[in-house]
Amino acid sequence: MTPAVSDPLLAAAHTSTTEAFGFWVLAPIAVLAALGMLFVRKAVHSALLLATTMIVLAVFYLAQSGPFLGIVQIVVYTGAVMMLFLFVLMLVGVDSSDSLVETLRGQRLTGLLLALGFGVLVVGALGRSAFDDVTVVGLGTANADGNVEGIARLLFTDYVLAFEVTSALLITAALGAMVLAHRERHTPRKSQRELSEERFRSDEHPGPLPPPGVYARHNAVDFPALLPDGSTSDLSVSRVLVARGDVQDVQPAVETTEQRSIEAGEAPEDVRPGPTQGGRY
Amino acid sequence: MGVQNYLYLSAILFTIGAAGVLLRRNAIVVFMCVELMLNATNLAFVTFARIHGNLDGQIIAFFVMVVAAAEVVVGLAIIVTIFRTRRSTSVDDANLLKY
Amino acid sequence: MTVAAVVSAASVPAASVSAAAADSIPAPHIEYGVLSPLFVVFGAAVLGVLVEAFAPRAARWAVQVGLTVLGLVGAFVAVVLVASSDDWKGARAVVAEGAVTVDGPTLFLQGTILLLAFVAVLLLAERRLDPGPSGAFAAQASTVPGSPGEREATRAGAAQTEVFPLTLFAVGGMLLFPAANDLLVAFVALEVLSLPLYLLCGLARRRRLLSQEAAMKYFLLGAFSSAFFLYGIALLYGYAGSIRLSEIADAATQAQGSDVLLLSGVGLVTVGLLFKAGAAPFHAWTPDVYQGAPTAVTAFMAACTKVAAFGALLRIYYVAFGGLKWEWRPLMWGVAILTMLVGAVISLTQQDVKRMLAYSSIAHAGFVLVGVLAADDAGLRGVLFYLLAYGFATIGAFAVVTMVRDPAGEATHLSQWAGLGRRSPLVAGAFAIFLLSFAGIPLTSGFMSKYAVFSAALDGGASPVVVVAVLASVVAAFFYVRVIVLMFFSEPAADGPTVAVPSILTTVALALGVTVTLVLGVIPQPVLDLAGDAAAFVR
Amino acid sequence: MSFPYAPVLAAAEPASVAQASGTADLTWLLLAFPIAGAAVLLLGGRRTDRFGHLLGTLASAASFVVALVLWLDMAGRDVEERATIQKLWTAIDVGRFHVDIALQLDQLSMAFVLLITGVGTLIHIYSIGYMAHDPDRRRFFAYLNLFVAAMLLLVLGSDYFVVYIGWEGVGLASYLLIGFWGRNPAYATAAKKAFVANRVGDVGMSLAIILMFTTFGATDFVRVHAAAAGAGEGTLTAIGLLLLLAACGKSAQLPLQSWLGDAMAGPTPVSALIHAATMVTAGVYLIVRSGPIFDLAPTAQLVVAIVGAATLVFGAVIGLAKDDIKKALAASTMSQIGYMVLAAGLGPAGYAVAIFHLLTHGFFKAGLFLGAGSVMHAMNDTTDMRRFGGLRTAMPVTFVTFGLGYLAIIGFPLLSGFWSKDKIIETAFHEGGVEGWTLGVVALLGAGITAFYMTRVMVMTFFGPRRWAEDAHPHEAPAVMTAPMVLLALGSVFLGGILAYGGMLQDWLEPVVGGHGEEEGVTTLSPIVVTLLTLLVVAGGAAAAYLQYGRREVPVVAPVGSPATIAARNDLYQDAFNEAVLMRPGQYLTRSLVYADNRGVDGAVNGLAALIGGTSGRLRRLQTGFVRSYALSMLGGAALVVGALLLVRI
């Protein structure tokens, strides 16, 4: 551990004890979160773990004299990009989870081995580069006018062309999202009037359906309503319940044929009321 | 502690991201692993910037974020389109083109 | 045009950040004249986006095609002006605050890309082969294929005219990629050219499942390779403290201590470049994407992306890693040999024309790498010529693919091509010319380009690679000739595909392909001279 | 693919041929007219249907006029200054490989240019009538123009590479024209056969060019011929034999002769122009042009003479039995070109003679073909001579012109063929020794057979009773067709005499092809004796044929005949031979490759091919279609790339 340097300008040149402490606390969290991405089943969990890693990295940016980047990392990356990921996850079903059984033969083993080999190579290369001997210049001088000013100065001189060209990238992204996701309407939207006319002309039930439990001994959802003639209305119970055979017996005065079939546990073939049943409520 | 620890961390994160691309099947998660790789790269850039004492590294990291944002938009749009057609985001299901 | 606005707008926030810093930021100097090809293309693309917003739907297709063609032609004129003007000759160097180098190779490659893009746009704009307002593209890509929504969009005459601005953005990225003088610009250019391509791949009207699959594969693998490219940049930055190519070269030559970091960086940057160029072992995406993408887009990718990727590869390797020749050459030997063998050998058993052309493009990437190996101006000249010749032949070949159709769309299975020469000798003849050029038969451009790169590599001392290259050419030639025999000397199937009559657009594209292939085969000298004059990188 | 080996010989800088200037600057116009004609007709499409035939004819005629002007200009200059080279542009300049597209107009090419444009124009005119009812007449004329341009390039190129371009061009035009009526599968097969045989020849040509380049470091005539003396005889023999292979393909010589008969499937003017007068003589041109190489490679030269002699007899024997008038004429062409090749194989003594026979043959054979076309035209496109007979009264003009051509080809005294064929036989005897005697006797014998089968054609077509089909109403062709026939007939009568007068042609060609050779030769038989002998043999052959076909009834259905006749009718089993020796193995190879493709390594029929096919099949399986597998291969590749680079440092 290098002791902190007193000169504030060079403060960033060497790691302070505080920084070292922060590193050793946060780095394992980042690695664990990253590893977690590989092994959790649910995509949403992966996303949250990634966000964790990103926030840790943001802290590291702050610690390494990059306040601007640290903030941007949180605002843009964790804030915007990860939100986009989450939105899409919502869209495709937030519950979606991977089976962790590998289907490609040998993929997992070779993949892990290769990744390990690659990691060893890169870490080894970094290790052999002997940064221990290199004097870390630190950003004290570069950030003398402030980090944001320093970045701005470079951005609008040396990197101005890249900055301009990035605009093309952003336009492309917007255009791409439009192309793949936006659906243009090719027929005029129907007015309220047209919709209602359509509904009444169709053979569908035009008004509200009778609620369950009307005139019954209970008003629970699985008790069909009783009609004035004492028969039950199968329109009043959810079709799901009918299909499951969960409809309770209300002991009507007159047993209808439907009732009998429900009692027998047979689901009516067409649960939606046909046109002939239209008048039976 | 030497600054190279940040570099080791970035290499490790990069490798984990790469492994994730190979192992995960959900296209969105695969893509998140790519994002992890980019983040690891950014850490390396920031650390190198500190070592060299110039801000170029931070600028590049900044650009990477912008580029990644654009890439995310396009990528997710593609994935959503595929999901609409196939009702699946598994990369293994998209397997018509082969041999 | 818009660029000026961007610059002035950009400097405003910088000024407001800190009054003290504001006056100390010097106004950036951008040589608009020399960079005009780039700005013309991007400007046309932005205009195209505006057209999408404001032009009536019925007029959009025509306006977009016109605008795109105009943009490409204008940019080409600008390239010619820059290349010939005396005023700008002095400015032929590092411009735009050091971000871009405009030198011989840049101008030659930009000219090549613009010409090829022009021909590819003709194919993109073809609407007679696949009748309907949207041509070969989905009426509306956001609808699920086969759904009522899609039928409705088709009925309403929708067309995905965004294809054209997307293409222009991609072309803009391609123009910038080989000109990039620092690795950040290279990375941004790489993304600018890739993102539109990912999108374009998924827009096919027919066989959309395949098309979308291609888009996803291309996108995921492309993003994966970008990450490697970027990590390579990080390592190089860590080594040299800068991402300027020249400064990396300087740092490499004045190396003190360990250069492991440098070499790892070179390796990872190479991964990204070889991926775009379609070289083994990073070629796996090529066949799938080429097969799935709409054929016109495939033609565009196969020709223009390859030129841009190899241009950037050449610049980065010659300028930044020039001093490391002895380190990277064994690696490139291996990659070139592997690429040629994989491409040539696997193409033998392909049954699908587009896939076969994809493998052929892999093999050709290997042949071009042979020229890169020479690592001198002769090699550079050979590669420049090769890219131009191959680009025209490959677009022409894909143009033929778009014309051979059955009721389900393009008939790409090779067995369906049997006897094509009997039904339509002209089209089959054109395809045969392209195949002969791919095979490197004399009197076609393929022969001259192979000769140019192989002889440069021989002089550069890479004779074993050249031997393998010749063997691979023989294997590939066998296959090409077999296809020719299939087309001309076997009986056509009764229910085989027909050769649809295209509009003037595809006809012109095809005619250009044939003409350039033959002319470059018989009188290649003017173009060789041009490439020779251009073949020197400014550091 | 040729590689820049260090050239064995530094090619001498040429100085012997002057750069074109003055009128000779017009040389390029010769090519420009037909190229422009073809381009307009092909690109103009249906719009040019109405005037296409006229434009095509005009282009050819314009070329002929230019040729005449150039010829007069050349004749007006001193002998040493006659040859000129017009450099158009530099085609290739890569490393040590330098090729100029340049046109060399010397006495030899001048003769060819006049023949090609002259006969070509006549045939263009004839085709206006012959193809009048074909809806694709414009396309036909476009191809004809294309052919003329390519043929001119072939004879004008100053570099073997340029000749090769023309060589491929005439092959292409010939392929297009043979298959012009390609809807008929038999015709398409014929086109394919021609295509394949020519490709075999082309391989020889391209190998020869590569060999020249590696030996001499150059491929243009001047430097190659100047440097030839310094090369080893082995190399020169190899080059010579490869050139001979090329010549065999183009000129239908053994063993690549089989395509010519089938090529008669094309329209008759095509047969006259390409398969009688011009293209098939390209092989002779190539051999004569490469004289300096052959002169230094006696073995190759002897092979040339033997091939010529063998083809001469072979073609003549086939001609004996053919009932199809065009096929009989094709066999005769084969045989006559055999004469030329034989002469060209006799060295400097024979070159001029070969060209002499080539020119006269160009006239009378074109005339004969046009006559045959006229007959077919009159007989509803029947080609079977057994259905002809007694046509002399119905078609007097055709009869006379065909008859003059007939007399010329059999060598009737004082007609064209008499002078040139007699000269060949004479030169052969002049060689002396066993070779000279053998070749001479073969040539003499060939003259007899020629007389026999040509008399047979003549008698069966124009004399005897009418054996026409019921619906045949023979009539004379329109003037646009008969006029060219008359002109060609005049050529058949007088051209030989004019060119032979005082050795005019030989003097003209001498600067290019070398001396007469009469002085050097061994006098075995005096010329008078040879001439008399020839006349005797010819008269015998003609008389025998007359007795066979003129005095007896010719059955409408061909009799079974002796085994020899059957063999001759079947082209001496050339196709069977080709099939057994050339095609079958090729087919087995192809099939085994396909099999290997399909079955992977199981079908290890053919070692390497199977290996490659199998490897391909397996490697293909690596392309699993799974993104994750691809990503795996990329990560592996990345690790390999980085590892390989770092390996240097560890």
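Letters go in sequence order (proteins before strands), and every chain restarts at 1.
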Next on the checklist: With chain B as the partner, which of C/Leu235, C/Leu199, C/Leu209 has the greatest number of non-hydrogen pairs under 4.5 Å?
Outcome noted: C/Leu209
Next on the checklist: So which residue, C/Leu220, C/Asp288, C/Ile346, ends up with the most heavy-atom pairs under 4.5 Å with chain B?
Outcome noted: C/Asp288
Checklist entry - Does any heavy atom of chain B fall under 4.5 Å from the side chain of C/Tyr198, the backbone, both, or neither of them? => result both
Item to check | Proximity breakdown for C/Leu230 and chain B, heavy-atom pairs closer than 4.5 Å | outcome: both
Next on the checklist: As an exercise, state the distance from CZ of C/Arg208 to OG1 of B/Thr85, rounded to the nearest 0.5 Å.
Outcome noted: 7.0 Å
Next on the checklist: Within this structure, what is the CZ-OG1 distance for the pair C/Phe187 and B/Thr41, rounded to the nearest 0.5 Å?
Outcome noted: 8.5 Å
Checklist outcome for this item: If one checks every heavy atom of B/Ile78 against chain C at 4.5 Å, the contacting part turns out to be side chain
Item to check | Options C/Gly202, C/Pro287, C/Ser142, ranked by heavy-atom pairs under 4.5 Å with chain B, top entry | outcome: C/Ser142
Checklist entry - Counting distance only, does the side-chain N/O of B/Asn54 pair as donor-acceptor with the main-chain N or O of C/Gly241 below 3.5 Å? => result yes
Checklist entry - For the residue pair C/Phe224 and B/Phe31, is the inter-centroid distance of their aromatic rings smaller than 6.0 Å? => result no
Next on the checklist: Quick one: does any side-chain atom of B/His52 pair with a main-chain N or O of C/Tyr237 as donor and acceptor, under 3.5 Å?
Outcome noted: yes
Next on the checklist: Does any backbone or side-chain atom of B/Ala77 lie under 4.5 Å from a heavy atom of chain C? Answer side chain, backbone, both or neither.
Outcome noted: neither
Checklist outcome for this item: Rounded to the nearest 0.5 Å, the NZ atom of B/Lys98 sits from the NZ atom of C/Lys217 at a distance of 8.5 Å
Item to check | Engaged part of B/Thr47 at the chain C interface, taking heavy atoms whose separation is under 4.5 Å | outcome: neither
Item to check | Most contacts with chain B, counted as non-hydrogen pairs under 4.5 angstrom, among C/Glu213, C/Glu191, C/Arg355 | outcome: C/Glu213
Checklist entry - Given that the side chain runs from C-beta out, which part of C/Ala141 has a heavy atom under 4.5 Å from chain B: side chain, backbone, both or neither? => result backbone
Distance-only criterion, 3.5 Å: show the donor-acceptor pairs between side-chain atoms of residues 58-71 of chain B and protein atoms not counting sequence neighbours.
unit_1: B/Gln58; atom_1: OE1; unit_2: A/Asn147; atom_2: ND2; d: 3.1
unit_1: B/Gln58; atom_1: NE2; unit_2: A/Ser65; atom_2: O; d: 3.1

Item to check | chain B contact via C/Ile233 - which portion, at a heavy-atom distance below 4.5 Å | outcome: both
Next on the checklist: Once rounded to the nearest 0.5 Å, what's the spacing between atom CG of B/Leu97 and atom CG of C/Leu210?
Outcome noted: 5.0 Å
Checklist entry - So what's closer than 4.5 Å to chain B heavy atoms on C/Gln212: side chain, backbone, both or neither? => result both
Checklist entry - Under a 4.5 Å heavy-atom cut-off, does chain C meet the side chain of B/Phe14, its backbone, both or neither? => result side chain
Checklist entry - Which pairs pass salt bridge (Lys or Arg N to Asp or Glu O under 4.0 Å) with one or both residues in residues 12-23 of chain B, sequence neighbours excluded? => result none
